[in-house]
Amino acid sequence: MIDVYYWPTPNGWKVTIMLEECGLDYTVHAVDIGSGDQFKAEFLRICPNNRMPAIIDHAPLGGGKPLALFESGAILEYLADKTGKFLPTEPAARYEVLQWAYWQMANLGPMMGNANHFKNYAKNLVDDAAQLQYGTKRFVGEVDRLCGVMDAQLSVNQYLAGATYSIADMLAWPWAMLLDKLIDEAIWGNYPHLKRWVDEVGARPAVQKGRNVHRELSERQLTPEQEKVRRELLFNQTNEKVRAAREQAAQSRG
Ligand SMILES: N[C@@H](CCC(=O)N[C@@H](CS)C(=O)NCC(=O)O)C(=O)O
């Protein structure tokens, strides 16, 4: 059995999609990042980075005591090694997949996160219009560039890492399927191959199931007070605050 520490966001869906694709049993533990669950002692012990997703595998690859893991890329790589699925063992094919997996982790996810921040949230946090405009242009522009990279790759390959569906697709799809919400619907006209792949991957039953795990939690209406708490928690994290939570977690362990 695998415990999954999860909230319905693109990084969370990656893990539930992979678990569904592999047919593994799992139990979901909701980590409500809008009300501070990521700073609770029990979660920080699994993930010192106060970000979900994370897992604990009680029957880990290689045996031994339960294995705790954070970072969605590491989790998918681990589950692929555990099941022998969606990540080839033959070196050339394996590294073809891994280069796209790391590309997603270092590029598409962070850039889309920052673009979303500047476009949809920063206007309530930043007074300086020029600063806001610079941030938006920088990150939306970078997302646009990354779409071009994916589109070119998908114009000659069915999947991101070639002819075979892999963890690279499962890592990138949860972000890519949100592109039209971030840029605008016209984006698909510029990137037809990317759109073809988003639709194809999105039609897989395991992808739909993984993406819908606890969907209701992300669709619930927050009160203005809850929204204020959420923004303070997510957009005002300092080293001091996070260190205090970590120290508390260490103390409560005894
Ligand atoms: N690189 C990490 C990113 C995880 C991440 O950013 N998770 C966000 C939600 S999508 C989170 O937990 N945020 C909580 C916070 O900012 O405190 C991964 O892929 O696992």
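In listed order, ligands and their atoms are each counted from 1. Sequential numbering from 1 along the given sequence is applied to the chain's residues.
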(message) Between Q158 and E200, do the side chains contain a donor N or O and an acceptor N or O under 3.5 Å apart?
(response)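 Judged by distance alone, the side chains do pair up.
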(request) Could you tell me how the ring of Y121 sits relative to the ring of F235: parallel (under 30°), tilted (30 to 60°) or perpendicular (over 60°)? (result) tilted
(request) Evaluate the ring planes of F43 and Y5, with Trp represented by its six-membered ring, and classify them as parallel (under 30°), tilted (30 to 60°) or perpendicular (over 60°). (result) tilted
(message) I'd like the residue list for ligand 1, meaning every protein residue with a non-hydrogen atom under 4.0 Å from the ligand.
(response)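 Heavy-atom contacts below 4.0 Å: T9, N11, K14, I33, Q38, N50, R51, M52, P53, E71, S72, M105, L234, Q237.
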(request) List for me each residue that meets side-chain hydrogen bond (donor to acceptor under 3.5 Å, both in side chains) alongside E240, sequence neighbours excluded, and say none if there are none. (result)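 Testing E240 for side-chain hydrogen bond (donor to acceptor under 3.5 Å, both in side chains), a comparison that skips the adjacent residues, returns none.
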(request) Start with the C-alpha gap between R94 and D81, add the side-chain angles, then the distance that decides, and say whether salt bridge (charged side-chain N to carboxylate O under 4.0 Å, His left out) holds. (result) CA-CA 11 Å; R94 181 179 180 86; D81 283 340; 3.3 Å; yes
(request) Check the surroundings of atom CD in E185: do more than 12 heavy atoms from other residues, nucleotides or ligands lie under 6.0 Å from it? (result) no
